[in-house]
Amino acid sequence: MSKLKNLYSQMWIDSIDKFKNNDCDIDPLINDPTDMRRGITVLSYLDNSVGGKISNFLKELKVIESEQYYYPKNELHLTILSIISCTKDFKLSNIDVEAYSHIFKETIKNIGGFIYNK
């Protein structure tokens, strides 16, 4: 088994244990309209086919766990990379946005698209 697969398997095991023991941390600011945490993340929105299937699945989950937050279909996305983690102290004016943009574009210019294999 690869290191990455081992890592994710262990994360899953740890999460299941936490759920079973009601040992979960809830973000205290999750519904706070004054939450000003910001960061920079690379994400990709899902196409209608994939997004529709996930949205339908989430509707089924909502019947089971109605208090859970579910992304609306138009906000479903895949987080690819967190460049700067969200923090209340982050401001775009504190970084050189053009430099970040240039480095990111140079880094990904030779990367092909994602391929879906069944």
Are any non-hydrogen side-chain atoms of Ile54 and Leu46 less than 4.5 angstrom apart? yes
Kindly compute the distance separating CG (Asp35) from CD1 (Ile30), expressed to the nearest 0.5 Å. 8.0 Å
Test of understanding: clusters of I, L, V, M, F, W, Y form through side-chain heavy atoms closer than 4.5 Å, transitively. Do Tyr45 and Tyr71 belong to the same one? no
Is there a path from Tyr8 to Leu78 through hydrophobic residues (I, L, V, M, F, W, Y) whose side chains come within less than 4.5 Å of each other? no
With a 4.5 Å cut-off on side-chain heavy-atom distances among I, L, V, M, F, W and Y, is there a chain of contacts connecting Ile83 to Val97? yes
Tell me whether Val50 is reachable from Leu61 by hopping between hydrophobic residues (I, L, V, M, F, W, Y) whose side-chain heavy atoms are closer than 4.5 Å. yes
For a 4.5 angstrom cut-off between non-hydrogen side-chain atoms, does Phe104 reach Val42? yes
Look at Lys62 together with Glu65 and state whether they make a salt bridge at an N to O cut-off of under 4.0 Å. no
Rounded to the nearest 0.5 Å, what's the gap from CG on Asp89 to CZ on Arg38? Could you check? 13.0 Å
Which of Met11, Lys5, Gln10 passes side-chain contact (heavy atoms from CB on, under 4.5 Å) with Leu7? Answer is Met11
Would the number of heavy atoms belonging to other residues, nucleotides or ligands and lying under 6.0 Å from CG of Asp14 be above 12? yes
Return the CD1 to CG distance between Ile13 and Asn6, rounded to the nearest 0.5 Å. 9.5 Å
Salt bridge or not between Asp27 and Arg37? Use side-chain N to carboxylate O under 4.0 Å. yes
Might you work through the side chain to side chain contact (heavy atoms under 4.5 Å, CB included) test for Thr79 and His77, ending with a clear yes or no? CA-CA 6 Å; Thr79 299; His77 65 273; 3.5 Å; yes
Rounding to 0.5 Å, atoms CG (Asp47) and OG (Ser44) come to a distance of 9.0 Å
Joint hydrophobic cluster, Ile111 plus Leu81, side-chain heavy atoms closer than 4.5 Å: yes
Between Cys86 and Phe90, is there a side-chain heavy-atom distance shorter than 4.5 Å? no
Applying side chain to side chain contact (heavy atoms under 4.5 Å, CB included) to Leu92 and Ile40, what does each step give before you reach the verdict? CA-CA 9 Å; Leu92 278 177; Ile40 299 177; 4.2 Å; yes
Give a yes or no on whether Tyr69 atom OH has more than 12 heavy-atom contacts from other residues, nucleotides or ligands under 6.0 Å away. yes
Could you go through the side chain to side chain contact (heavy atoms under 4.5 Å, CB included) check for Leu76 and Leu58 one step at a time? CA-CA 11 Å; Leu76 289 174; Leu58 293 178; 3.9 Å; yes
From Ile26 atom CD1 to Cys24 atom SG, the distance as rounded to the nearest 0.5 Å: 7.5 Å
Would you please say whether a donor-acceptor pair under 3.5 Å links the side chains of Thr34 and Asp32? yes
Specify the closest pair of heavy atoms between Lys73 and Ser55, including all atoms of both residues, with the distance to one decimal. CB-OG, 3.8 Å
When rounded to the nearest 0.5 Å, the distance separating CG of Leu29 from CE of Met36 is 12.0 Å
